[in-house]
Amino acid sequence: MIPFIDLQAQRVRLNGKIEAAVAEAVVGGAWVMGPQVRQFEADLAAFGKAKHALGCANGTDALALPLMAWDIKAGDAVFVPSFTFAATAEVVPWFGAEPVFVDVDPVTYNIDPAKLAAAIEAIKVEGRLTPRAVIAVDLFGQPADYPAIKAVCDQHSLKLISDSAQGFGCTINGQHPLTWA
Ligand SMILES: Cc1ncc(COP(=O)(O)O)c(C=O)c1O
């Protein structure tokens, strides 16, 4: 059997640091919004050159939070790539909205901006749903085509989320996805 991923390789590379950090959190006992969370947020914002970074429970919640903030709801369409981890689309019906699957670029496997534009037009013509947002995914660490995707979003006044769960640290000409999303 060929193992899909060797998580122990990374753990061994960080030898001792993870155990020490977990022990420190246990001893500190500040389980919610403790100093580790604040440090993480500050470090992540600096890493991504972002104004703000917010810690949350997992990658799925990170997608849900902006959808909640923007009041995405029943009758809304959120455009997602047809090839991604399930969470990208799974969060959309949490709020009664519908994921609209957009085909991916056969070379990068990331959402195809031209197909995105066509899907938005089709949803508008159909008239059943209101286009509200796009979730682009940086699959396997490769950034989506944000300049082209952002142009399509701006044309249709859509919000843009970058699902960088697989792409932390990926850049386009030195710019992190949050430059566009
Ligand atoms: C592209 C993508 N989005 C979202 C998620 C969800 O992250 P989590 O499992 O932490 O909820 C994952 C997890 O693998 C992912 O690969």
(request) May I ask you to say whether Glu121 pairs ionically with Lys124, meaning some side-chain N is under 4.0 Å from a carboxylate O? (result)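 Judged by the 4.0 Å cut-off on N to carboxylate O distance, Glu121 and Lys124 do not form a salt bridge.
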(request) Answer yes or no: is there a side-chain heavy-atom contact under 4.5 Å between Val78 and Pro99? (result)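 Side chain of Val78 against side chain of Pro99, heavy atoms only: no contact under 4.5 Å found.
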How many angstroms lie between [atom1] in [X] and [atom2] in [Y], if you round to the nearest 0.5 Å?
X: Trp180; Y: Ile172; atom1: CH2; atom2: CD1; result: 4.5 Å
X: Lys150; Y: Leu158; atom1: NZ; atom2: CG; result: 10.0 Å
X: Lys159; Y: Ile135; atom1: NZ; atom2: CD1; result: 14.0 Å

(message) Could you see if Val134 belongs to whatever hydrophobic cluster contains Ile161? Use Ile, Leu, Val, Met, Phe, Trp, Tyr and a side-chain cutoff under 4.5 Å.
(response)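 Each belongs to a different hydrophobic cluster.
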Examine distances only and state if a side-chain atom of [X] and a backbone atom of [Y] form a donor-acceptor pair shorter than 3.5 Å.
X: Asp43; Y: Phe40; result: no
X: Gln166; Y: Phe140; result: yes
X: Asp163; Y: Ala165; result: yes
X: Ser82; Y: Val102; result: yes
X: Glu41; Y: Gly55; result: yes
X: Arg132; Y: Trp70; result: yes
X: Asp138; Y: Ala144; result: yes

(request) Return yes if a side-chain donor-acceptor contact under 3.5 Å exists between Tyr146 and Ser162, otherwise no. (result)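 Side chains of Tyr146 and Ser162: pair found under 3.5 Å.
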(request) Can you establish whether the number of heavy atoms outside Glu126 located under 6.0 Å from its atom CD is more than 12? (result)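 Correct, the count exceeds 12.
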(message) Can you confirm whether more than 12 heavy atoms, excluding those of Tyr109, are under 6.0 Å from its OH atom?
(response)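 No, not enclosed.
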Looking at [X] and [Y], what are the two nearest heavy atoms and their distance?
X: Glu90; Y: Pro93; answer: O-CD, 3.3 Å
X: Ile111; Y: Val80; answer: CD1-C, 4.0 Å
X: Phe101; Y: Pro81; answer: CD2-O, 3.8 Å
X: Phe95; Y: Met68; answer: CE2-CG, 3.1 Å

